[in-house]
Amino acid sequence: MNNPSRIRKLPNNAMGKDYVIGDLHGCFDLLTQLLDQVNFDTRCDRLFSVGDLIDRGPHSLRCLGLLNEPWFYAVQGNHELMMINFFMPYLVTGKLQTLDDISRTGFLEYGGDWVNEYFQADRECMSDAFNSGLAMALDMPIMLIVGTGASRFHVVHAELVTPDSRHSGQTVWLDCDIDRWVAGEEIATNTQDRFFWGRKLMRSTDHGPVQQGLSTTFCGHTVAKNPRQVLSHLCIDTGAFISLDAYDPESSDYGLTLFDVKNAHWLKATYGRTNVVVDTRVESR
Ligand SMILES: [Mn+2]
């Protein structure tokens with residue numbers, strides 16, 4: 001799956017502000033709340049997403065529709081990847097007899113069952129609205145590089161950890177590695193897998209020494225109550241969909257996090273709470 005164009009480069013934002021949003025998972029209304037709170041200006045501000053727009057929450061297709069907006073930039077998450085793999089036979093043939101997971105991708109079990117609503121059994125296909133969402137998901141990059149020099153930052157779904165860190169002594173990929181991929185060097189499959197699925201950094205307390213040379217890298221994928229930083233990775237998945245869980249006594253500690261890149265502060269919106277929590281603390285390990 002080598003395709004260097006799947007790393008997208010964007011210039012600095014000279015006009016407005018840049019924000020990064022954690023795993024949306026269909027929680028469109030929490031996003032609206034956050035954008036209202038910061039007076040997000042669609043004419044000059046930009047919103048970057050760490051991926052996983054879909055599954056588990058109530059408005060997956062609306063979240064995918066954000067990809068139509070000129071101010072919205074998202075990387076593919078493992079949930080988009082699972083959806084694409086699930087629908088791959090359909091993408092090839094254009095026909096869909098059932099929604100059974102014949103390729104065993106796990107997509108329906110891990111929150112993808114919302115797609116049932118858009119399955120048109122009589123036409124043996126998905127609805128047009130769904131098809132356009134799926135087409136946009138296919139076109140998402142796997143990494144964003146935003147800005148240059150000191151203001152450069154990256155967006156990736158899970159992590160930029162090297163697969164052979166134990167032997168090479170290099171834990172994370174550096175800006176110079178990423179620049180080589182942009183220039184056309186092949187990205188190995190086991191490297192790309194970690195962009196989508198890796199949890200080494202966020203789960204580990206023994207992550208090796210800090211390595212200079214990796215710009216701030218926003219990621220999601222691994223849930224905790226608040227944003228936290230490990231090496232140059234800043235994980236902002238704070239479990240938006242968990243705040244929907246009425247049976248979890250701690251559900252209101254979770255929510256959707258919006259990170260203001262320049263001012264390094266963040267806001268969290270939670271189902272069941274009317275106020276948006278504003279905070280600056282980022283746990284660092
Ligand atoms: Mn996720």
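Atoms within each ligand, like the ligands themselves, are counted from 1 in listed order.
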When you measure from the Mn ion (ligand 1) to each N, O or S atom of Asp52, which atom gives the shortest distance? OD2
Can you name the N, O or S atom of His25 that is closest to the Mn ion (ligand 1)? NE2
Is [X] salt-bridged to [Y], cutoff N-O under 4.0 Å?
X: Lys268; Y: Asp279; value: no
X: Arg180; Y: Glu185; value: yes
X: Asp18; Y: Arg46; value: yes

Got a sec: is Asp23 within less than 2.8 Å of the Mn ion (ligand 1) via an N/O/S atom? yes
Would you call the rings of Trp173 and Trp181 parallel, tilted or perpendicular if under 30° counts as parallel and over 60° as perpendicular? perpendicular
